[in-house]
Amino acid sequence: MQRRRMRPDAGLGTTLLVGLALLLASCGYAEGLAEDVAGEFIDDQDYELYAGTGSIATLARNADGVDVALLQGALRAGDTADDLQALGVVGFAFDRSFQPDNTRLEGIRLRFWFEPGDGDTSRLGPLVISHVPVEEELLDPTLVPDPPGDDVAAVLNVSSSGWREVDVTNAFMSDWNAGRRLAVFVFRFGTPTDGEGDDDDVDLFPEVDGVVRRAHLVLHFGVNL
């Protein structure tokens, strides 16, 4: 949080600063500035909410939508040599305690690292991200429906490694406004399997150069004027 405290003896400087804030507000340019009851000024800010290894899992699902295997602690998507679809499931536990005073939640982005694994997932189409509303506070991958919730985004670049970022504002806000404490997202490819009898997958929670690239949400808070 970036804060600038006003000196009690600021005098004319205080008057000019307050006048400038009022002028900006009247012109519609004061979205990044607000004064709280302590006489401090607060900028817009982001809060990063990370998923732990205990909040990720990979499901193996057959063509009938039946889950036949569950791997905890891994977040992968693709297909298997047995022509099963692999779905990555991640949950983000949250509450309102991290929201700064005098702010409102304006936007949420899901960031994750895309690391190509075995085979070639480009034949499976885009990487699709879905949202599953759950009332539990602990991740239970077995509750992922078929199809897995509401699709909220798709990633077309499925060949190169690196960070990917998608807007999940509406999905997360539905959990936030409903008073839930867990936001669950599912990763899968548009085509469940290519039927070629080999593993094609990507790692979405990998260790790269000795550092685990953890999936996380970026919550953007704007100030209330």
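Excluded from the calculations below are hydrogen atoms, water molecules and symmetry mates; all remaining heavy atoms, backbone and side chain alike, are included. FYI, the numbering just counts along the sequence from 1.
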Report yes if some heavy atom in the side chain of V166 is under 4.5 Å from a heavy atom in the side chain of R109; otherwise report no. no

Is there a donor-acceptor pair under 3.5 Å between the side chain of T80 and the backbone N or O of D199? no

Does some side-chain heavy atom of L204 sit less than 4.5 Å from a side-chain heavy atom of L127? yes

For D201 and R76: C-alpha separation, side-chain torsions, deciding distance, then whether side chain to side chain contact (heavy atoms under 4.5 Å, CB included) applies. CA-CA 7 Å; D201 62 18; R76 307 183 76 91; 3.3 Å; yes

Treating Ile, Leu, Val, Met, Phe, Trp and Tyr as nodes and any side-chain heavy-atom pair under 4.5 angstrom as an edge, say whether V218 and F185 lie in one connected cluster. no

Tell me, which pairs form a salt bridge (charged side-chain N to carboxylate O under 4.0 Å, His left out) where one or both residues lie in residues 177-190, sequence neighbours left out? D95-R181, E135-R180, E137-R181, D151-R188, D175-R180

Is the side chain of T193 donor-acceptor paired with the backbone N or O of G195 at a distance under 3.5 Å, no angle test? yes

Side chain D64, main chain V66, donor-acceptor under 3.5 Å: no

Quick one: do L219 and D46 satisfy side chain to side chain contact (heavy atoms under 4.5 Å, CB included)? Show the steps, please. CA-CA 5 Å; L219 283 68; D46 289 339; over 6 Å; no

V223 and N102: side chain to side chain contact (heavy atoms under 4.5 Å, CB included), yes or no, with the steps? CA-CA 6 Å; V223 296; N102 297 322; over 6 Å; no

Taking every heavy atom of A171 against every heavy atom of V152, the minimum-distance pair comes out as CB-CG1, 3.8 Å

Across all chains, not counting sequence neighbours, the salt bridge (charged side-chain N to carboxylate O under 4.0 Å, His left out) partners of D67 are R61

With sequence neighbours left out, what residues match E136 under salt bridge (charged side-chain N to carboxylate O under 4.0 Å, His left out)? none

Looking at CZ of F98 and OG1 of T103, how far apart are the two atoms once the value is rounded to the nearest 0.5 Å? 10.0 Å

Taking all heavy atoms of R214 and all of H216, pick out the closest pair and write down the distance. O-ND1, 3.0 Å

Members sharing V89's hydrophobic cluster (side chains within less than 4.5 Å): L59, L70, L87, V132, V134, L139, V144, L182, V184, V186

L75, L49: one ILVMFWY side-chain cluster at the under-4.5 Å cut-off? yes

Between P148 and S130, the two heavy atoms sitting closest are O-CB, 2.8 Å

Would you mind reporting whether V211 and E207 have side-chain heavy atoms less than 4.5 Å apart? no

Has D120 got more than 12 heavy atoms of other residues, nucleotides or ligands less than 6.0 Å from its CG? yes

Holding to side-chain contact (heavy atoms from CB on, under 4.5 Å), I want the full list of residues that pass it with R164, two or more places apart in sequence or in another chain. F112, F114, V155, N157, S160

Check the pair E48 / Y50 against side chain to side chain donor-acceptor pair (under 3.5 Å), numbers first and verdict last. CA-CA 6 Å; E48 295 183 346; Y50 284 84; 2.8 Å; yes

Mind checking whether V90 and F187 have side chains closer than 4.5 Å, heavy atoms only? yes

List the steps, then state whether ring-ring contact (aromatic ring centres under 6.0 Å, His included) holds for F172 with F92. CA-CA 10 Å; F172 184 87; F92 298 93; 8.4 Å; no

Does any part of the side chain of F221, heavy atoms only, come nearer than 4.5 Å to the side chain of D44, both counted from C-beta? no

Kindly give the cluster partners of W163, where membership spreads through any ILVMFWY side chain lying under 4.5 Å from a current member. W113, V208

If you take all heavy atoms of T169 and G107, which pair is closest and at what distance? OG1-CA, 3.5 Å

Validation row: H220, I108 side chains within 4.5 angstrom (heavy atoms): no

Do Q99 and W176 come close enough that some side-chain heavy atom pair is under 4.5 Å? yes

Check whether any side-chain heavy atom of D194 sits under 4.5 Å from a side-chain heavy atom of D200, and report yes or no. yes

Pair V128-F189, side chain to side chain contact (heavy atoms under 4.5 Å, CB included): steps then yes or no: CA-CA 6 Å; V128 180; F189 282 92; over 6 Å; no

CG/D150 to CG/N170 distance, rounded to the nearest 0.5 angstrom? 11.0 Å

Pairwise distance CG(D203) to CZ(R213) - rounded to 0.5 angstrom: 12.0 Å

